[in-house]
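Inspection log for the structure reproduced underneath, given as structure tokens.
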Number of protein chains: 2
Amino acid sequence: MNRTPNLLEVAKAAGVSNMTVSRVVNNSGKVSDKTRQKVLKAIKELNYQPNLIARSLARKKTNILGLVVYSEKGVHPAFYNEIINGVQQGASELGYDLLIFANSEKQSYSDRITHSSFVDGVIFMGVKINQNDIKNVHEKGFPYVFVGKREIEGINPYFISPDYIKGTKMATEYLIELGHTRIGLIGQSRMIEPDYDKLLGYQEALYKHNLVYNPQLVFEESQTQLDGYNAMKELLKQKPTAVIINNTYSTIGATTAIKEEGLRIPDDISVIGFDDNQELNEQFNDFIGLELSTIRIPKIDLGRQAAKMTISLLEGNDVSQANFIDLQFIKNSSCKKL
Amino acid sequence: MNRTPNLLEVAKAAGVSNMTVSRVVNNSGKVSDKTRQKVLKAIKELNYQPNLIARSLARKKTNILGLVVYSEKGVHPAFYNEIINGVQQGASELGYDLLIFANSEKQSYSDRITHSSFVDGVIFMGVKINQNDIKNVHEKGFPYVFVGKREIEGINPYFISPDYIKGTKMATEYLIELGHTRIGLIGQSRMIEPDYDKLLGYQEALYKHNLVYNPQLVFEESQTQLDGYNAMKELLKQKPTAVIINNTYSTIGATTAIKEEGLRIPDDISVIGFDDNQELNEQFNDFIGLELSTIRIPKIDLGRQAAKMTISLLEGNDVSQANFIDLQFIKNSSCKKL
DNA sequence: AACAAAAATGTTAACGTTAACATTTTGAAG
DNA sequence: CTTCAAAATGTTAACGTTAACATTTTTGTT
């Protein structure tokens with residue numbers, strides 16, 4: 001590795017002072033055209049690139065966003081990976097890079113993040129978030145955003161979350177407007193916030209249209225294909241005319257169950273899924289020849305917004321604490337008018 | 001954000017010099033026990049954390065690894081995400097963090113990477129790698145590792161790659177030893193290096209056991225469920241007794257085709273898949289009640305090794321340029337002795 | 001008690017930028 | 001050809017650490 005030139009060497013080569021070079025590099029301040037050309041020439045000749053570490057030290061700003069993903073085995077589910085890609089895009093669009101903090105479950109990040117001055121702000125996400133980290137960062141006034149929605153005792157955290165309530169309500173209403181009244185819901189949960197919100201949205205829609213909530217049409221947590229399959233088998237005994245299913249894997253299992261019972265989509269039952277795993281969703285639909293209507297979680301956009309929100313915060317702008325991002329309803333041919 | 005204390009403030013509080021504090025913080029040099037205690041007390045009281053930017057500038061080393069993933073739409077397939085997780089783990093184990101470079105397809109990274117001194121080394125991966133980036137970095141002697149295997153004109157790059165040849169050979173031989181001679185291969189490709197290597201491994205195994213290579217048993221690129229399904233339908237006309245399928249999606253499609261034809265696994269046909277998407281593979285197997293024998297790509301380990309290799313390089317150790325990581329053959333019940 | 005060697009601690013100048021202020025140059029008006 | 005403001009350029013001291021070397025203190029030996 002051969003040494004890289006620094007500002008002063010460029011300055012010397014161009015016959016100007018350090019600050020003139022700095023001004024040219026940063027396109028700030030006033031520099032005459034003639035001088036600028038000289039400097040640019042020297043920069044090019046020496047192949048100068050500013051040393052970002054030194055710049056960060058002087059500016060007290062790194063233009064780097066931290067990302068902490070709390071996950072179980074150090075492997076993030078596909079769901080988070082897509083959000084991360086979005087975060088990266090959003091950061092990049094505003095001139096920031098992304099520093100992924102190593103995720104050892106035990107370790108607490110907050111001091112490392114706020115004191116080491118390696119990042120200007122931080123984004124938290126994951127199932128097993130450490131509430132203390134968020135609390136500490138919040139209390140120190142360090143810019144951060146939490147992706148998701150969770151009660152954190154004592155504080156009102158900055159967060160951005162998909163609006164599952166609204167999204168599910170919208171989908172449910174769509175079914176109601178098609179004339180459905182016996183609508184199943186696979187995957188509610190009192191424990192998992194997003195799934196609980198789906199239940200709330202579902203209930204709100206029923207309530208709004210004066211339909212009675214029937215717990216027999218609603219099934220607990222459903223994560224895997226098998227969960228979805230089993231739940232659907234049970235649900236079908238209740239003769240529903242439509243069903244909303246909380247994730248891609250369950251949907252695959254559930255539609256398999258529907259087929260097995262000799263029922264057709266949408267003729268015998270209307271189906272709406274969540275495409276939390278878009279790649280899989282598409283693959284599956286293509287293959288089965290199913291054109292599933294889905295509630296889409298705009299994950300890339302979610303990540304992008306999270307990045308922009310964090311940057312907005314660290315730049316000192318006013319940012320509201322609670323932020324929601326709308327789900328998209330992708331209307332397709334898996335639902336039928338009754 | 002309240003100011004964080006620096007070394008000198010700690011030094012003042014402890015009544016010692018900056019270097020004594022530095023030595024305590026870094027656990028280097030000699031410090032008497034009494035002094036160490038004083039310093040530690042001051043550090044604790046002021047809640048001091050070293051400023052990593054300043055440290056990096058002074059040490060000319062950041063303890064950060066760069067990661068560039070070249071991908072099409074800025075979204076990485078599940079495959080890469082798992083490797084990234086592994087890279088992160090490996091880096092973390094050796095005290096490094098991971099800086100993800102924003103990935104705009106157009107941009108060239110090499111100068112930014114080598115000159116900005118934000119990273120001590122860099123890892124490249126992705127389908128659409130920029131050969132020039134790697135070439136530049138290579139020629140500058142900047143520590144890097146490429147995850148994958150690709151000819152790059154004019155240089156012998158540092159790389160680490162799954163050994164697809166060996167892995168596929170192993171699986172093929174396993175089938176041959178079970179007595180199979182009509183073994184199908186779904187997903188060879190002249191264009192995609194890993195898939196080409198799978199073909200080579202397959203051929204090597206046949207050759208070794210004096211079996212004739214029959215192109216009619218071998219099918220082109222197969223990425224999706226539908227590809228796998230179609231290929232298998234065709235293949236079945238050739239009456240194979242076993243088949244190796246190049247990725248998880250194809251495998252799902254292919255097994256569907258097998259079922260549709262009324263054949264049973266392993267009684268009528270033995271099947272070996274690649275579980276490049278492990279989560280999906282498991283889900284699918286659980287659901288179908290299939291116990292698929294698979295060739296497993298140890299992605300986490302691949303990433304981890306890539307990180308360690310890069311760090312070894314940047315620490316000045318001798319590292320061989322070409323590195324392969326063995327695939328694992330997960331023996332299960334989807335293959336039968338003939 | 002004197003001395004050397006080892007241990008402990010300290011001083012100073014980098015590292016490569018930028019911020020803040022200082023100085024010089026330019027050019028237009030009188 | 002002054003004069004003065006604006007424009008252009010320069011100087012210096014941070015930023016918070018560590019490397020390299022310098023000094024002081026301690027310890028053991030005679």
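We name chains A, B, ... by the order of the sequence lines, and we start the count at 1 in each one.
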Exercise. Does B:Lys38 have any side chain to side chain donor-acceptor pair (under 3.5 Å) partners at least two apart in sequence or in another chain, and if so, which?
Worked result: none
Problem set entry | Within residues 17-28 of chain A: residues closer than 4.0 Å to DNA chain D (heavy atoms) | A:Ser17, A:Asn18, A:Met19, A:Thr20, A:Arg23
For this session: Provide the closest heavy-atom pair for A:Leu46 versus A:Pro5 in the form atom of the first, atom of the second, distance.
Result: O-CG, 3.3 Å
Problem set entry | 4.5 Å side-chain heavy-atom contact, A:Val137 and A:Phe124 | yes
Exercise. Residues two or more places apart in sequence or in another chain: which of them pass side chain to side chain donor-acceptor pair (under 3.5 Å) with B:Thr62?
Worked result: B:Asp120
Exercise. Can you give the first and last nucleotides of DNA chain D, 5' to 3', that have an atom under 4.0 Å from a heavy atom of chain A?
Worked result: D:dA7 to D:dG16
Exercise. What parts of residues 7-14 of chain A reach DNA chain C, counting only heavy atoms under 4.0 Å away?
Worked result: A:Leu7, A:Leu8
Exercise. Within the structure shown, what part of the strands sits under 4.0 Å from B:Lys60 by heavy-atom distance: base, sugar-phosphate, or nothing?
Worked result: sugar-phosphate
Exercise. Would you call A:Glu193 and A:Arg150 a salt bridge, taking side-chain N to carboxylate O under 4.0 Å as the test?
Worked result: no
Exercise. Less than 4.5 Å apart, any side-chain heavy atom of A:Leu98 and any of A:Ile64?
Worked result: no
Exercise. Hey, does B:Arg36 have a side-chain heavy atom less than 4.5 Å from the side chain of B:Leu40?
Worked result: yes
Problem set entry | Upstream residue (5' side of DNA chain C) when B:Gly15 and B:Ala54 are each assigned their closest nucleotide | B:Gly15
For this session: Can you sort out the partners of A:Ala307 under side-chain contact (heavy atoms from CB on, under 4.5 Å), two or more places apart, ordered by chain and number?
Result: A:Leu65, A:Val87, A:Ala91, A:Ile123
Problem set entry | With A:Arg59 via side chain to side chain donor-acceptor pair (under 3.5 Å) - residues at least two apart | A:Asn26
For this session: Five pairs at each end of the helix from C:dA1-D:dT30 to C:dG30-D:dC1: take the axis at both ends and give me the angle between them to 10°.
Result: 50°
For this session: Taking only heavy atoms on the protein side, list every residue of residues 42-51 of chain A lying under 4.0 Å from any atom of DNA chain D, sorted numerically.
Result: none
Problem set entry | Heavy-atom side-chain contact between A:Ile300 and A:Gln89 under 4.5 Å | yes
Exercise. Mapping B:Lys30 and B:Arg59 onto DNA chain C by nearest heavy atom, which one lands closer to the 5' end?
Worked result: B:Lys30
Exercise. Does the side chain of B:Ile100 come within less than 4.5 Å of A:Asp97's, by heavy atoms?
Worked result: no
For this session: Could you tell me which residues satisfy side-chain contact (heavy atoms from CB on, under 4.5 Å) with B:Ser320, sequence neighbours excluded, listed by chain and number?
Result: B:Asn323
Problem set entry | Sugar-phosphate only, base, or nothing, as touched by A:Ser56 at under 4.0 Å among non-hydrogen atoms | nothing
Exercise. Are any of the side-chain heavy atoms of A:Leu67 and A:Leu99 separated by less than 4.5 Å?
Worked result: no
Problem set entry | Sequence-distant partners of B:Phe159, ring-ring contact (aromatic ring centres under 6.0 Å, His included), two or more places apart | B:Phe324
Problem set entry | ring-ring contact (aromatic ring centres under 6.0 Å, His included) against A:Tyr144, all qualifying residues, sequence neighbours excluded | A:His138, A:Tyr158
